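Encoded as structure tokens, the structure appears first; notes follow it.
In what follows, chains carry the letters A, B, and so on, assigned in the order in which the sequence lines appear, proteins first and then strands, with residues in each chain numbered from 1. Please read these numbers as outputs of a predicted model, since none were measured by experiment.
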Protein chains: 2
Amino acid sequence: MKFSASKENHLKAIFHLQLEQGIVTTNALAAALQTRPASVTDMLKKLKDQKLLLYERYKGFRLNNEGKKAAIQVIRKHRLWEYFLVKKLQFGWDEVHEIAEELEHISSKKLVDRLDAFLGFPDTDPHGDPIPDSQGRFLQRRQISLSELPLNKPAQVSAISSQTTEMLELLQHKHIQLGTRLEIRKKFPFDNSLEVKIRNRPPVTLSAQVAKNVLVKDDE
Amino acid sequence: MKFSASKENHLKAIFHLQLEQGIVTTNALAAALQTRPASVTDMLKKLKDQKLLLYERYKGFRLNNEGKKAAIQVIRKHRLWEYFLVKKLQFGWDEVHEIAEELEHISSKKLVDRLDAFLGFPDTDPHGDPIPDSQGRFLQRRQISLSELPLNKPAQVSAISSQTTEMLELLQHKHIQLGTRLEIRKKFPFDNSLEVKIRNRPPVTLSAQVAKNVLVKDDE
DNA sequence: ATTTAAATTTAGACAAATCTAAAATTAAAA
DNA sequence: TTTTAATTTTAGATTTGTCTAAATTTAAAT
């Protein structure tokens with residue numbers, strides 16, 4: 001099976017979103033892909049016709065087995081290329097994403113497997129995310145507390161461990177929710193508070209108590 | 001400047017064709033790209049609008065300086081990736097063309113230059129064709145077609161100009177590859193076929209069509 | 001120098017992927 | 001439970017790259 005770059009991008013984004021919540025919504029996917037909900041709907045129909053997606057209109061959607069397999073192959077390519085760029089071509093880990101976004105659409109399966117071998121079958125990419133093997137097997141990535149996250153390492157909120165109303169209210173006010181991408185800009189040893197940066201927003205400060213209960217995983 | 005894959009393919013094909021004859025025709029380009037003359041005309045208009053091409057309708061066309069520069073960058077990428085595939089990923093020289101056709105459209109200039117450095121700034125690709133440097137400078141090799149080689153003059157295969165799978169398969173079967181040392185034992189004027197001797201092997205016969213596409217240089 | 005043939009271009013269509021604006025559906029609030 | 005708001009989908013348009021069939025221009029042949 002060979003898919004267009006756009007289809008691969010949709011599959012990949014759906015895969016990531018449905019790790020969070022089992023079901024994915026049109027708006028969420030549109031936001032993830034920086035496109036419009038109407039465009040997403042158009043693509044969903046095509047993916048459904050190709051039997052990669054379980055989808056009923058107005059009711060959300062998720063990948064079926066075929067879709068997942070396809071998505072994982074794209075993710076495998078992306079992460080192997082990132083590894084190559086950082087380890088062999090001396091790129092910084094923060095500048096490889098865009099290039100890998102292009103390279104991941106090169107279709108040759110043999111190329112990917114040869115690249116994998118050339119790199120020594122690495123199992124995590126430069127951001128710490130697991131690289132699926134040739135059969136699409138995944139080592140699920142671990143989530144850590146925000147308080148353990150290294151400085152300037154992009155992460156994504158994957159869970160909130162203490163769900164008191166007060167806590168959720170505080171997080172909502174600071175625009176932090178499930179799936180929020182963020183990184184730590186500064187750590188204050190005095191009280192272990194953190195300054196956290198969310199894309200397109202001014203930095204916010206979180207106490208150690210809050211940070212301890214926000215679980216994150218490496219962003220890709 | 002960033003161009004679509006299709007535009008890059010057109011630029012590259014025009015560049016190659018205009019090395020042969022100074023001016024390129026619509027039909028020739030359509031044949032080279034396996035497309036239709038009408039499609040070529042459509043694209044020519046766009047390339048002219050982008051000032052990459054000197055073109056007047058019904059009168060043929062050729063690249064201007066901008067167009068040449070763009071074409072050379074694509075050729076550079078193609079040949080560097082081929083070199084990478086053969087030297088680092090252990091592909092055979094006869095199976096890399098198609099993959100490089102995809103990789104050549106990855107846009108990052110930095111990637112190409114890093115790849116070049118990683119490979120040790122090679123100056124010829126696995127087929128013996130020169131690789132333009134970062135500024136687009138070309139070491140043009142004096143190589144001639146096997147069909148022009150004088151009788152009994154030792155030579156070495158330096159490039160294969162038509163890289164169809166069928167052609168490469170035929171050459172492989174006759175044990176002719178890059179670097180093969182050979183000489184012409186007999187020329188048959190009837191059909192311009194050649195009898196060619198390779199060291200330690202019985203002579204083989206090559207059609208004029210094949211011989212035209214095998215490029216050789218003097219054996220030293 | 002006409003006529004015929006080949007090459008090239010135009011005209012009009014189509015598929016893929018996207019968009020905007022409006023309509024339909026579901027969810028939330030009064 | 002209505003009304004309002006948010007979400008999602010449809011309808012119709014646009015862009016890029018391609019095609020076929022017909023028209024135009026150039027080249028070749030009688």
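- When the side-chain nitrogen and oxygen atoms of A:S4 are compared with OP1 and OP2 of C:dA17, one or more of them lie within a distance under 4.0 Å.
- A:T41 comes within contact range of at least one nucleobase, with a heavy-atom separation under 4.0 Å.
- You'll find that the side chain of B:A38 is closest to C:dT9, out of C:dT9, D:dT8, C:dA21.
- Residues A:A5 and A:R36 each lie close to DNA chain C; by heavy-atom proximity, the contact nearer the 5' end of the strand is made by A:A5.
- Here D:dT16 presents its P atom at 16 Å from CD of B:E8, a figure rounded to the nearest Å.
- Counting only N and O atoms by type, the side chains of A:H78 and A:E82 include a donor and acceptor under 3.5 Å apart.
- Residues of residues 43-63 of chain B that place a heavy atom closer than 4.0 Å to DNA chain D, in numerical order, are B:M43, B:K46, B:Y58.
- Nucleotide C:dA15 holds its P atom 13 Å from the NZ atom of A:K7, rounded to whole Å.
- Following rounding to the nearest Å, A:L29 (CG) and C:dT18 (P) show an atom-to-atom distance of 11 Å.
- The residue A:T26 sits close only to the backbone: its heavy atoms come under 4.0 Å of sugar-phosphate atoms, none of a base.
- Cation-pi geometry between B:K88 and B:Y83 is not met at under 6.0 angstrom from the ring centre and within 45 degrees of the axis.
- Looking only at atom types and distance, the side chain of A:S145 has a donor-acceptor partner in the side chain of A:S147 under 3.5 Å away.
- Nucleic acid contact for A:S6: sugar-phosphate only, since backbone atoms but no base atoms lie under 4.0 Å from a heavy atom of the residue.
- Considering B:Q73, B:K12, B:K77, B:R76 as possible partners of B:E104, the one that fulfils the side-chain hydrogen bond (donor to acceptor under 3.5 Å, both in side chains) test is B:K12.
- Put simply, CG on B:D42 is 9 Å from C1' on D:dC19, counting in whole angstrom units.
- Residue A:K109 qualifies as enclosed at atom NZ: its count of foreign heavy atoms under 6.0 Å is above 12.
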What verdict does the ring-ring contact (aromatic ring centres under 6.0 Å, His included) test give for B:H127 and B:H97, after you've listed the backbone C-alpha separation in whole Å, the side-chain angles of each residue and the deciding distance to 0.1 Å? CA-CA 10 Å; B:H127 301 105; B:H97 185 75; 7.0 Å; no

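- With contacts defined as side-chain heavy-atom distances shorter than 4.5 Å, the pair B:H16/B:I75 qualifies.
- Within the 4.0 Å cut-off from OP1 or OP2 of D:dT8, at least one side-chain nitrogen or oxygen of A:N27 is found.
- For C:dC19, the OP1/OP2 oxygens have a side-chain nitrogen or oxygen of A:T35 closer than 4.0 Å.
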